[in-house]
Protein chains: 2
Amino acid sequence: MAQGASAVAQKSGENLLFLTDDQIRKGIEAMFFAYRGFTADPDRILEEQGYGRAHHRAIHFIHRAPGTTVNNLLAILGVTKQSLNRVLRSLIEDGLVESRVGNRDKRERHLFLTETGAALEQKLSDAQRERMRAAYRAAGPVAVAGFRQVLEAMMDPEMQRHFNRLTDSAR
Amino acid sequence: MAQGASAVAQKSGENLLFLTDDQIRKGIEAMFFAYRGFTADPDRILEEQGYGRAHHRAIHFIHRAPGTTVNNLLAILGVTKQSLNRVLRSLIEDGLVESRVGNRDKRERHLFLTETGAALEQKLSDAQRERMRAAYRAAGPVAVAGFRQVLEAMMDPEMQRHFNRLTDSAR
DNA sequence: ATCTTATGTCAGCCTTGTTGACTTTCCAAG
DNA sequence: CTTGGAAAGTCAACAAGGCTGACATAAGAT
């Protein structure tokens with residue numbers, strides 16, 4: 001099983017050396033190390049404010065989809081409502097997020113960032129984007145296109161749906 | 001600050017549209033969703049065995065660098081010795097990892113996977129590689145090269161050092 | 001002999017995930 | 001109009017896996 005990729009590479013006329021276990025292992029380790037860098041800068045800012053990564057995620061997606069319901073956010077974040085609720089409660093208490101009762105369906109709560117919340121979102125995403133932009137610039141447009149392709153192919157189908165729904169609604 | 005990329009794109013003659021805030025945000029969200037997929041399959045296996053992601057990381061890097069010391073593992077994983085120790089202790093108790101006192105320096109402990117440990121490592125990395133290989137195959141070799149380039153550029157320099165040290169010592 | 005390093009361990013704390021049980025609100029189907 | 005069920009919130013309890021601080025031990029280095 002572990003040597004499956006090598007067998008494939010042998011059988012094919014194409015150059016499938018990029019599918020060897022070794023190449024794939026490098027990709028796995030790259031993901032591990034890169035994700036640490038990916039979260040490092042926001043993490044530092046969050047710590048100053050007494051928040052964690054969970055708060056960042058909530059803030060990010062509320063910013064991206066203002067007025068989203070709690071249920072929708074749950075589906076995107078993939079956590080339990082109890083986990084999300086704890087985070088949302090503190091954000092609402094601290095005046096970073098506003099929760100408005102739905103018009104059509106008054107059971108639903110629609111979530112929005114307040115000015116303060118938007119300011120923190122800005123600060124966090126500025127930090128994260130700066131590293132990302134440096135990486136993009138260093139790697140170049142072709143590499144970036146490949147980067148995105150591989151990441152999309154790596155997602156669970158349901159997450160891919162959420163991803164596309166978000167990017168389709170880009171301004 | 002947030003509009004910096006747009007300004008850059010305007011100023012330059014090159015096509016720097018891939019550096020816009022919008023493109024970078026998509027990359028950020030792709031990282032988030034992809035990382036979930038990246039860990040999903042091993043997580044399922046680990047749960048069956050009563051382990052977590054921390055155990056997977058330890059097992060992975062002990063497999064990759066057999067005989068590594070605790071200190072080296074700490075540097076790679078970027079956690080405290082107390083955190084790592086808790087994980088290592090359970091792996092040693094369960095007979096997945098062996099800790100041998102160093103020859104040259106008897107303060108050091110060199111870590112190795114037992115047969116049982118290697119078997120779990122195999123199972124975990126098979127699962128993770130399968131998804132990765134599917135993503136690689138779907139995206140193609142050029143995309144994969146770009147994927148790796150961007151990830152490397154995203155790492156903290158120290159992590160990049162660890163990453164390269166590992167991949168240089170590939171068999 | 002003393003300093004430093006590598007490791008291990010105890011205690012305690014925090015964040016963030018989980019389950020389970022229960023309530024409130026309120027839309028919608030009967 | 002009643003009732004079933006969905007959406008949301010809350011409480012309690014727990015676990016994993018981070019963290020700090022303090023301390024012990026062994027052993028290399030000075």
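What's counted below: heavy atoms across the whole structure, side chains too, no hydrogens, waters or symmetry copies.
- A:H55 pairs by the ring pair (Phe, Tyr, Trp, His ring centres under 6.0 Å) definition with A:Y51, not counting sequence neighbours.
- For DNA chain C, none of the residues of residues 91-101 of chain B falls under the heavy-atom distance limit of 4.0 Å.
- Between A:E29 and A:R25 a salt bridge is recorded (basic side-chain N to carboxylate O distance below 4.0 Å).
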Legend entry - B:F61 and A:F32: CA distance, side-chain angles, deciding distance, ring pair (Phe, Tyr, Trp, His ring centres under 6.0 Å) verdict: CA-CA 11 Å; B:F61 287 110; A:F32 170 70; 5.4 Å; yes
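- Here the straight-line distance linking atom NE2 of B:H63 with atom CG of B:L111 works out to 14.5 Å at 0.5 Å rounding.
- Computed from coordinates, the B:R107 CZ to C:dT7 P distance equals 8 Å when rounded to whole Å.
- Dashed line: the shortest gap from a side-chain N or O of B:N85 to OP1 or OP2 of C:dT7 is not under 4.0 Å.
- Screening B:R57, B:R36, B:R53 for a salt bridge (charged side-chain N to carboxylate O under 4.0 Å, His left out) with B:D43, the sole residue that qualifies is B:R53.
- Separating the CG atom in A:N85 from the CG atom in A:L73 is a distance of 11.0 Å, to the nearest 0.5 Å.
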Inset, instruction - Quick one, give me the B/S/- string for nucleotides 16-21 of chain C, reading 5' to 3', where B means a protein heavy atom under 4.0 Å from the base and S means that only happens at the primed atoms, P, OP1 or OP2. - result: BBBBBB
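- Heavy atoms from other residues, nucleotides or ligands lying under 6.0 Å from CD of B:E48 number more than 12.
- Within the structure, salt bridge (Lys or Arg N to Asp or Glu O under 4.0 Å) pairs that include any residue of residues 106-121 of chain A comprise A:D105-A:R107 (at least two apart or interchain).
- Salt bridge A:D126/A:R129: present, at least one basic N to carboxylate O contact under 4.0 Å.
- Side chain B:R109 to base C:dT7: no donor-acceptor pair is found below 3.5 Å.
- Protein chain B contacts DNA chain D from D:dG17 to D:dG28, reading 5' to 3' and using non-hydrogen atoms of the protein with a distance under 4.0 Å.
- Identified under the salt bridge (Lys or Arg N to Asp or Glu O under 4.0 Å) test for residues 142-161 of chain A, with sequence neighbours left out: A:D156-B:R131.
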